[in-house]
Protein chains: 4
Amino acid sequence: MNLTSETASALLYGPDKQGLVAQVSGWIFKHGGNIIHADQHRDAEEGIFFQRVEWAPPPSEIETQMAEFTAMAQELGMKVRVSRSSKKPNVAIFVSRAAHCFHDIILRWKTGEFNGEIACVISNHDSLREATEGYNLPFFHIPIDPKNKLEAEKEQLEILKNHKVDLVILARYMQILSAGMLEKMGCPAINIHHSFLPAFAGARPYHQAYQRGVKIIGVTAHYVSAELDGGPIIQQEVTHVNHRHGVSDLMRKGRDLEKAVLAQAVRWHLENRILVYNNKTVVFD
Amino acid sequence: MNLTSETASALLYGPDKQGLVAQVSGWIFKHGGNIIHADQHRDAEEGIFFQRVEWAPPPSEIETQMAEFTAMAQELGMKVRVSRSSKKPNVAIFVSRAAHCFHDIILRWKTGEFNGEIACVISNHDSLREATEGYNLPFFHIPIDPKNKLEAEKEQLEILKNHKVDLVILARYMQILSAGMLEKMGCPAINIHHSFLPAFAGARPYHQAYQRGVKIIGVTAHYVSAELDGGPIIQQEVTHVNHRHGVSDLMRKGRDLEKAVLAQAVRWHLENRILVYNNKTVVFD
Amino acid sequence: MNLTSETASALLYGPDKQGLVAQVSGWIFKHGGNIIHADQHRDAEEGIFFQRVEWAPPPSEIETQMAEFTAMAQELGMKVRVSRSSKKPNVAIFVSRAAHCFHDIILRWKTGEFNGEIACVISNHDSLREATEGYNLPFFHIPIDPKNKLEAEKEQLEILKNHKVDLVILARYMQILSAGMLEKMGCPAINIHHSFLPAFAGARPYHQAYQRGVKIIGVTAHYVSAELDGGPIIQQEVTHVNHRHGVSDLMRKGRDLEKAVLAQAVRWHLENRILVYNNKTVVFD
Amino acid sequence: MNLTSETASALLYGPDKQGLVAQVSGWIFKHGGNIIHADQHRDAEEGIFFQRVEWAPPPSEIETQMAEFTAMAQELGMKVRVSRSSKKPNVAIFVSRAAHCFHDIILRWKTGEFNGEIACVISNHDSLREATEGYNLPFFHIPIDPKNKLEAEKEQLEILKNHKVDLVILARYMQILSAGMLEKMGCPAINIHHSFLPAFAGARPYHQAYQRGVKIIGVTAHYVSAELDGGPIIQQEVTHVNHRHGVSDLMRKGRDLEKAVLAQAVRWHLENRILVYNNKTVVFD
């Protein structure tokens, strides 16, 4: 089999019933497709079946198969999303002053780590304009203050629309996206929060952690929802600290975690590996 | 579906070809089985397909289905091993003087962590007789010295046969099983080696690690093969050390790793989750 | 120098000022002592100096030196606690039904991992009587219900007093010690909480963690204070989980963490390595 | 005390004897210095005493105190190295084609994470010229082939001399520095090797790791010595892998480790925290 040919990948979930694996894999086999990766999960408590399946259809039939697969899955009572590997999602990076996640995401993208394209950078400060333009990416400075927030978000939405953005990355963006903005965006946003949620939600988590005297600090990548730091968790990572570490040490150690965990979450999302259900994620790694 | 009904689980592998997932899951569906867990892996380099599938057959047909499934998989060109959940494998623990893994395995077994039964304890020292008998388990003291090794192994083989042992656990057993013994045993052995292999194979790995000045130490659970510490690796774990840690600290920290990693490897094996190929393992966790 | 001779160890803290290291080490040198270990920490924000120093005094003078050292440190404005290595603290284990930490602590003690003696086991259930007595330790069954709590605690206090207990270990003891009990105990208590505090304080933390969909779970060893799960944190550890792990998997994985982290905290305490200040700990590892 | 005033820091080691802590700290106290950080270690086996002490001398006397401290320590039989915080060491980065450590080091330097200055970048390829110059740093392209190696190293030595380089960082530089070069350099070199040494020394360690089927991969930062990958280990870190990870996944996961561990080793070195003895390191963290 030719591993370089284009693939379709589907994420589906719905009420569990007998024979789902057989029906999905049988459909692909019957249509001349070759399964590259298949993984499934049952939530025994809720009686829900989750699946990710990636297959190589006969090259000329990929669009047709994507449509027909969707119809087949829906008949089985499943919610389904199918995408093709040649379609690279467009990504917008939102950033404030802290630059480490910003550089990290862009350098990984240049190395080819992500199945996506960076379309633009939006910031409430102007400080990363030169760096962004040095990377040959468009930079938009949209200052935010309590009075202009609605208008600023309108501007942001316009930019996302113009760049056909499929995913927003909040790369240490220190503003909250309003519920209205989230609704109108029409695409998910991934945020990196600098604590192991649900501990230390909200502002200045490293200061909170220092104050409490914890022996581990962590970070959390999650989808943004209307509830602050309450969206579905995609990935978390931690590191040990001790009494010798002041707040600035926590910040320095945390930056390394933030970069790695945000990148991991973005990579999974762009490879169509994450299903969200009941405010939790199923990650088909 | 009734999750408490008995299940069959199969581990299979062979040359990759189109439709394997569909054929296996289709067969189960057609025979009224319900897939509980299915996971597969392709080694793209070698062109090998690996699968673990666990399903609930109609209760009265389990033995028939196991036989028929085996035949079907063999027809697909696969090597296959099928087992049923009601069959608890018998385990023999080999131990020397260090008792931590010995107690740990037995206490976990009593908690119900393992899908198996401890059949007996064999040791080249008599020091754990009382503890073993306190757990109501048979204890066999078989001293080993270079001159009596062959005879001692013959005794061990006799005990394994009498207790219908399906798995040998070397729980810090400080003797090497001869190639002849391994061949005659007719069942696999899992060893815990106290280094992150392939570093520090052989004797006194903590001393070797201290000497080299490493900043992490580790342990490795592996299937025993004729090559010393060279068998397929099942699981590894490490912990950080620094210049303040002497050899005895490495030993103390290592004991915690040894217990956890050996138990993990044994649990996976007893749940029929490990496939060995090319001196490596595929673990369907 | 003879490393096997008896040592004195002091934990001291107070307002930072110039020359403290010199004065403490100079005092020991002048009195013929030999420093085995010295570690200090400055909390720059609070202006507090913390130190642990362990030294070998001339054997016949150890009691005198302990008294004189205490006086010297107090003159420097320090709070100080001095202990000698030959004095093994007495430990009481409080346990309910879950037995893993109970067995783990006792087996480590038998291996010589702890600088202390287990004096007795107290439980609100009778289920571990046989196991305790198998270890040749006294077992006290003191049932607790809302109505008899005060009386039950009175009984517990009596036992602690009779056994001259210096440290209480709550080894998954599922009852809350009342503020009054804590006050009257006259010795600290170390608890193992099965979450990475401050997340998931209170009851059923693994269920809370499962519900929130976190990707790491953790455990916390802390000194018990009147605020539930709010005392000074001694040590924390975590492990990764994913969507495949149900609540019972979290519990199983958590048990390994609970054993290791509780043992670590107890070891440090018994070696006189922990200073508490501002509801945080300084651990001189 | 004014924490922003300049400090001196000393690393010293030699035969252990009574009163060393007292004499060193007493000397600093007597000379009006204020100890900011002091840490010591005894190698009980070898009878060696190691210490790092950092203090704030009266500002006008720092150079005098550094000289006098050195003399005092030598009289105590110690080897000693003293440096002052205002002196930022000059660093040269050696790099080949892989750019991740190169960018990472420079971006951390720009964030102020390192107590040093990057003086120049030397590469055996020309591919990072533009990026280096975009960072406003001098770039030297010195191709290496077996025939010109001696001459190339001569050129490199000339550049190191001209830029008064105090530390060489091999940021995934794929050439071996000759023993002669190491000798003439007059400054240490830190290398990042992409395996958990001593496993998989030499070429293509990720391929070696994949071949052996290990379940963890790691990286090692070490001082370069004449023995390939045999120098004193400064720091190591690992991550878990499984059968799903191909060589390219190991490389991707490894890159994150390489960046973090190399940066950690460089930070410690530049803060004068590392003592080398018997081909091992003592890191006063």
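Because the structure is predicted, anything quoted here is derived from the model rather than measured. So that the names make sense, note that chain A is the first sequence line, chain B the second, and so on, each numbered from 1.
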Residue from D:Gln211, D:His222, D:His41 scoring the most non-hydrogen pairs under 4.5 Å with chain B is D:His41

Backbone of D:Tyr210 reached by a side-chain donor or acceptor of B:Lys280 within 3.5 Å:
yes

So which part of D:Thr281 gets closer than 4.5 Å to some heavy atom of chain B, the side chain, the backbone, both or neither?
both

Does atom CG of D:Leu107 have more than 12 heavy-atom neighbours from other groups under 6.0 Å away?
yes

Against B:Val214, only a single residue in D:Thr220, D:Leu197, D:Ile233 fulfils side chain to side chain contact (heavy atoms under 4.5 Å, CB included); can you say which?
D:Ile233

Between D:Glu45 and chain B, with a heavy-atom cut-off of 4.5 Å, which part of the residue counts as in contact: side chain, backbone, both or neither?
side chain

Go through the atoms of B:Asp285 and report whether side chain, backbone, both or neither lie under 4.5 Å from a heavy atom of chain D.
neither

With only heavy atoms counted, which part of D:Tyr277 is less than 4.5 Å from chain B, the side chain, the backbone, both or neither?
neither

Can you name the nearest heavy-atom pair linking D:Gly231 to B:Arg212, along with the distance?
O-NH2, 3.0 Å

Determine whether more than 12 heavy atoms belonging to other residues, nucleotides or ligands lie under 6.0 Å from atom CG of D:Leu76.
yes

Considering only NZ, NE, NH1 and NH2 on the basic side and carboxylate oxygens on the acidic side, decide whether B:Asp43 and D:Arg244 come within less than 4.0 Å.
no

Would you mind checking which part of D:Asn278 comes under 4.5 Å of any heavy atom in chain B, side chain (CB onward), backbone (N, CA, C, O), both or neither?
neither

Pair D:Glu237, B:His240: side-chain N/O donor-acceptor within cut-off below 3.5 Å
yes

Name the member of D:Ala209, D:Gly218, D:Gly246, D:Gly230 that forms the most heavy-atom pairs with chain B at distances under 4.5 Å.
D:Gly230

Interface moiety of D:Asn242 toward chain B, non-hydrogen atoms closer than 4.5 Å:
neither

Taking the six-membered ring for Trp, are D:Phe50 and B:His243 closer than 6.0 Å centroid to centroid?
no

Part of D:Lys215 within contact of chain B (heavy atom distance under 4.5 Å):
both

